[in-house]
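To keep things clear, I will list the structure first and then write my remarks on it.
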Protein chains: 2
Amino acid sequence: AQIALERDYEAQREFDTRYRVLMETTEDAFVFVSATTGKVIDLNRKAAKILGGNREDITGSAFSQAFGSVQNAADFLTTLSETANTDAPKPIQAKTRNSNKQVMIAPKIFRVSGESVLLCMVSVGEKSTASNETAN
Amino acid sequence: AQIALERDYEAQREFDTRYRVLMETTEDAFVFVSATTGKVIDLNRKAAKILGGNREDITGSAFSQAFGSVQNAADFLTTLSETANTDAPKPIQAKTRNSNKQVMIAPKIFRVSGESVLLCMVSVGEKSTASNETAN
């Protein structure tokens with residue numbers, strides 16, 4: 001059993017690495033959010049840039065805090081989960097607090113280790129005057 | 001040590017799941033290829049659609065086989081690795097065998113468990129007459 005566990009462990013290490021490479025290679029902005037606490041589990045650099053912060057600061061903070069337009073964190077989390085559970089979900093509109101950008105949030109929900117997690121794809125919804133979106 | 005290993009194992013399970021959700025949510029077409037054997041380790045549905053096959057058939061096959069324009073599998077693999085190792089890599093042009101589409105392949109290389117792996121982002125390079133690209 002110990003050997004089998006170690007073999008699985010090695011295989012899982014691969015997913016860990018592939019996950020990280022994927023997060024930094026995709027052209028989409030992704031934020032993983034706990035559906036229970038509303039806190040950011042992980043996000044990629046593209047998402048951090050749109051939200052106007054850095055990955056380290058945003059990780060662990062409430063996702064709702066990234067949006068100046070959000071009045072109630074609990075309602076926001078409920079809306080994300082309900083939208084994710086809809087058959088043909090419509091993205092949620094919000095305005096970022098730091099960068100003041102109009103964005104669309106498309107959430108998906110899934111379960112892992114008994115916890116519900118939201119994968120939120122964030123895209124800039126309307127043309128922004130800021131030019132740092134395309135710069136890298 | 002056993003308990004720590006199991007705790008790590010649980011954490012790694014999360015990456016496994018996040019990896020899978022990410023692969024199916026991203027709007028990019030991704031193929032993971034072994035830099036040693038040239039075989040496809042994994043790909044998402046978007047990539048399978050572009051290549052004109054299904055995920056199950058393509059997984060485990062030589063990546064070069066997906067392209068009618070590739071004459072020499074070993075040279076193709078070398079080109080992918082060399083391009084990935086370039087500072088400012090230029091995507092590789094190829095034509096898919098099954099769907100006869102002109103595509104661009106942008107490879108990245110990374111190491112995991114002592115093996116080199118290529119992450120290839122595939123995009124359709126010129127307008128195709130096939131309408132099934134946007135349909136889902």
Side-chain angles (χ1 to χ4, degrees), chain A residues 1-36 40-44 46-47 59 83-84 88-89 91 104-123 136, chain B residues 1-36 40-44 46-47 59 83-84 88-89 91 104-123 136:
Chain A
Q2 173 73 14
I3 288 165
L5 196 63
E6 278 171 2
R7 206 189 300 123
D8 283 357
Y9 179 71
E10 183 79 352
Q12 297 294 340
R13 286 273 319 226
E14 288 203 26
F15 285 111
D16 176 340
T17 307
R18 282 200 235 159
Y19 165 79
R20 289 174 208 280
V21 176
L22 209 53
M23 278 286 269
E24 288 317 318
T25 306
T26 176
E27 288 172 357
D28 301 318
F30 283 119
V31 187
F32 285 92
V33 177
S34 162
T36 317
V40 173
I41 297 168
D42 197 13
L43 75 164
N44 61 8
K46 285 226 165 58
T59 303
T83 302
M104 304 293 272
I105 310 167
K108 266 197 183 183
I109 198 160
F110 62 97
R111 287 188 72 79
V112 57
S113 307
E115 224 214 329
S116 285
V117 175
L118 292 154
L119 172 56
C120 300
M121 194 193 279
V122 183
S123 50
N136 201 355
Chain B
Q2 174 72 15
I3 288 164
L5 196 63
E6 278 169 2
R7 205 188 301 122
D8 282 358
Y9 179 73
E10 184 79 351
Q12 297 294 339
R13 286 275 316 229
E14 286 203 26
F15 285 112
D16 176 337
T17 307
R18 281 199 236 161
Y19 165 79
R20 289 174 208 282
V21 176
L22 209 52
M23 278 286 267
E24 289 316 318
T25 307
T26 175
E27 288 172 357
D28 301 318
F30 283 119
V31 187
F32 285 91
V33 178
S34 162
T36 316
V40 173
I41 298 168
D42 196 14
L43 75 165
N44 60 9
K46 285 229 164 55
T59 303
T83 302
M104 304 292 272
I105 310 167
K108 265 196 183 184
I109 197 161
F110 63 96
R111 288 188 72 79
V112 57
S113 308
E115 224 214 329
S116 286
V117 175
L118 292 154
L119 172 57
C120 299
M121 194 194 279
V122 182
S123 50
N136 202 354

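A, B, ... follow the sequence lines: proteins, then strands. Residue 1 opens every chain.
Residues A:Tyr19 and B:Phe15 share a closest heavy-atom pair of CD2-CD2, 3.4 Å. Minimum heavy-atom separation, A:Met121 to B:Thr26: CE-CA, 4.4 Å.
Contacts of B:Asp28 classified as salt bridge (charged side-chain N to carboxylate O under 4.0 Å, His left out), with partners at least two apart in sequence or in another chain: none.
The line from CZ of B:Phe32 to CD of A:Glu14 is 10.0 Å long, rounded to the nearest 0.5 Å.
The parts of A:Leu22 that come within reach of chain B are both its backbone and its side chain, each placing non-hydrogen atoms under 4.5 angstrom from that chain.
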Subject >> Intermediate values then yes/no, side-chain contact (heavy atoms from CB on, under 4.5 Å), B:Val117 and A:Arg18 >> reply: CA-CA 9 Å; B:Val117 175; A:Arg18 282 200 235 159; 5.6 Å; no
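Screening residues 105-122 of chain A for salt bridge (charged side-chain N to carboxylate O under 4.0 Å, His left out), with sequence neighbours left out, gives no hits.
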